[in-house]
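Counting convention: from 1, in listed order, for ligands and their atoms alike. Excluded from the calculations below are hydrogen atoms, water molecules and symmetry mates; all remaining heavy atoms, backbone and side chain alike, are included.
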Amino acid sequence: RGKSEGRNVYRFFEPGMDALMRERRVLEVDLEAALSKREFELDFQPILDIGSGKIVGAEALMRWRSPSRGLVSPENFIPAAEETGLIVQLGDWALRKACNVVANWPRDMRMAVNVSAAQIKSGGFARSVIAALAFSGLPANRLELEITETVMMDESDAVLRTLSQLRGLGVRIALDDFGTGYSSLGYLRRFPVDKIKIDRSFIRDLDRRDTAAIVRTVIGLGAELGITVTAEGVETEAQLGMLRKAGCGEAQGYLIGVPSKASDMSRLLHSQALQRQSG
Ligand code: C2E
Ligand code: MG
Ligand code: MG
Ligand code: MG
C-alpha cells in the first residue's frame, strides 16, 4: 500500500500490529538488560534410566525471573532472544552455568543443555563449549547438547562440522522433540546423533494404538542404530510401564520429577548415591 493513501488509513489498519511490534521490541530490550541484571536462572529436571531405576542426569531449563513480568517461560522469551541474537550470550551463560552445576554432582551424572540454531551458526560455538568444559573441569562425555531439527535445517555443512568436532571431543548430541519436524528420519541419517528424545506429544497419546505403535517403532529404531531413546513428558505410571515393556532406555517427565532448583536436585542425587553405596 502506497503512502499516498494517507496516514489515517494507515492508522486505521495498523494499530494492532504496531502495538504487537512495540511490545516485542520492549521485550527484546528488557531481555538484553535482564542478562546483565542476572535475572536468568536454570532449573534442572531429572532423567531416569528405566532399566536400573536410577537418575542418570538432568536437563537444564532456562527461566527468566523478571521483576515486572514475573517468572517467564522459555517458550515466551527464547524466540525473541533468537531474533536479536542475544541467544548467543544467553546460551553461553546457560552452558557455563549448567557445566559448573553438574561438575559438583556425583561423577556418573550427565547434564543436557538445549542449544538454539543461532548459537551453532554464530561461529564460535565449539569454542564456547570447550571453554565451558575447561572452566568447570567437566569431562566432555558428561555434557549432552540437545538440538532440534531447526538446527539441522539450513547451513547443514557448517552445522555438521561443528557437531562432528564436538562429538569428536566426547560431547553427546541429542535430537530433541523427535517426531515433530518435517524430516526426522532424514536428519538422523545425515547427522551424528547419540540420543533421540521422543517428543512429549507422543507420550501424551500413548493410550492410542497408533501412537503406541509409532513409539515402539522409534524405540526399535534406536536399538538398531545403537542410539539411546529417551521419552519426554512421562506423567503416569501407565506410560512408564508401557515404555519399560517396549525397551525404552530413559524417561523424563513430571512422574519422575519436575524441573527444580540445583540445590534440590543435588540433594536428591546425593541421597541416591548414598543409597547405592549401602544397598
Ligand atoms: P524441551 O527442551 O523439549 O524441554 C522439555 C519441556 O517440557 C520443558 O518445558 C519441561 O518443563 C517440559 N516438561 C517436562 N516434563 C513434562 C511433563 O511431564 N509434562 C509436560 N506437560 N511438560 C513437561 P520448558 O522448561 O517450558 O521449556 C520449553 C522449551 O524451551 C524447551 O523444550 C526448549 O526447547 C526451550 N529451552 C529451555 N531452556 C532452554 C535453553 O537454555 N536454551 C534454549 N535454546 N532453549 C531452551
Ligand atoms: Mg530439551
Ligand atoms: Mg523436547
Ligand atoms: Mg521442546
Legend entry - Distance-only N or O hit between ligand 1 and M62, under 3.5 Å: yes
- Message: Would you say the Mg ion (ligand 2) has E146 as a near neighbour, meaning an N/O/S atom of that residue under 2.8 Å away?
- Response: yes
Only residue of R172, K195, K197 satisfying salt bridge (charged side-chain N to carboxylate O under 4.0 Å, His left out) with E146 is K197
Taking only non-hydrogen atoms of E235 and a 4.0 Å limit, the atoms of ligand 1 in range are 17 (C), 18 (O), 19 (N), 20 (C), 21 (N)
Between F178 and Y187 (judged by ring centroids, cut-off 6.0 Å), do the two rings come close enough to count as a pair? no
- Query: After noting the C-alpha distance and the side-chain angles of M242 and R216, does the key distance pass the side-chain contact (heavy atoms from CB on, under 4.5 Å) rule?
  - Reply: CA-CA 9 Å; M242 188 275 180; R216 277 196 300 270; 3.4 Å; yes
Checking heavy atoms under 4.0 Å, the part of D43 that sits near ligand 1 is neither
The answer for which part of I78 has a heavy atom under 4.0 Å from ligand 1 is side chain
Practice task
Measure the distances from the heavy atoms of E59 to every atom of ligand 1 and state whether one is below 4.0 angstrom.
Solution key: yes
Taking R267 first and then D264, would you say they form a salt bridge - that is, a charged N and a carboxylate O separated by under 4.0 Å? yes
Review point. Going through the distances and angles, do S266 and N104 end up as a side-chain contact (heavy atoms from CB on, under 4.5 Å)?
Key: CA-CA 8 Å; S266 88; N104 290 308; over 6 Å; no
Ranking L90, I256, L61 by closest non-hydrogen atom to atom 8 (C) of ligand 1, top hit is L61
For A246 and I219, the nearest pair of non-hydrogen atoms, with its separation, is O-CG2, 3.2 Å
Requested in this report: Give the intermediate values and the outcome of side-chain contact (heavy atoms from CB on, under 4.5 Å) for residues F135 and R96.
Outcome: CA-CA 8 Å; F135 274 110; R96 282 171 185 251; 3.4 Å; yes
Among the heavy atoms of P259, does any lie under 4.0 Å from an atom of ligand 1? yes
### Message
Polar contacts were defined as any N/O atom of the residue lying under 3.5 Å from an N/O atom of the ligand; does this apply to E75 and ligand 1?
### Response
no
Near Q45 (heavy-atom distance under 4.0 Å), the atoms of ligand 1 are 14 (C), 15 (N)
- Task: Give a yes-or-no answer on whether the side chains of T84 and E28 include a donor-acceptor pair shorter than 3.5 Å.
- Result: no
Out of N114, V258, I87, the nearest non-hydrogen contact to atom 42 (N) of ligand 1 is supplied by N114
Is R63 close enough to touch ligand 1? Criterion: a residue heavy atom under 4.0 Å from a ligand atom. yes
To atom 26 (O) of ligand 1, the nearest of P74, G91, A118, A117 on a heavy-atom basis is P74
Looking at E59, the N, O or S atom sitting nearest the Mg ion (ligand 2) is OE2
Can you confirm whether L206 sits close enough to I203 that some side-chain heavy atom of one is under 4.5 Å from a side-chain heavy atom of the other? yes
Between D177 atom OD1 and E232 atom OE1, the angle centred on the Mg ion (ligand 3) rounds (to 10°) to 90°
Looking at D176, the N, O or S atom sitting nearest the Mg ion (ligand 3) is OD1
Notebook entry, point to check: Can S128 and D92 be said to form a side chain to side chain donor-acceptor pair (under 3.5 Å), step by step?
Noted result: CA-CA 7 Å; S128 289; D92 208 40; 3.0 Å; yes
Any ion pair linking D177 and R200 (charged N to carboxylate O, less than 4.0 Å)?
no
* Are the charged groups of D49 and K54 less than 4.0 angstrom apart, N to O? -> no
### Query
Taking both backbone and side chain into account, is any N, O or S atom of N114 nearer than 2.8 Å to the Mg ion (ligand 2)?
yes
Margin query: Check R65 with E41, please: is the shortest side-chain N to carboxylate O separation under 4.0 Å?
Written below: yes
Note: ligand 1 atoms sitting under 4.0 Å from heavy atoms of G233 are 16 (C), 17 (C), 18 (O)
Checking heavy atoms under 4.0 Å, the part of E232 that sits near ligand 1 is side chain
Closest to atom 1 (P) of ligand 1 by heavy-atom distance, out of D176, T180, L255, is D176
Per-atom filter on ligand 1: closer than 4.0 angstrom to a heavy atom of S116 are 44 (N)
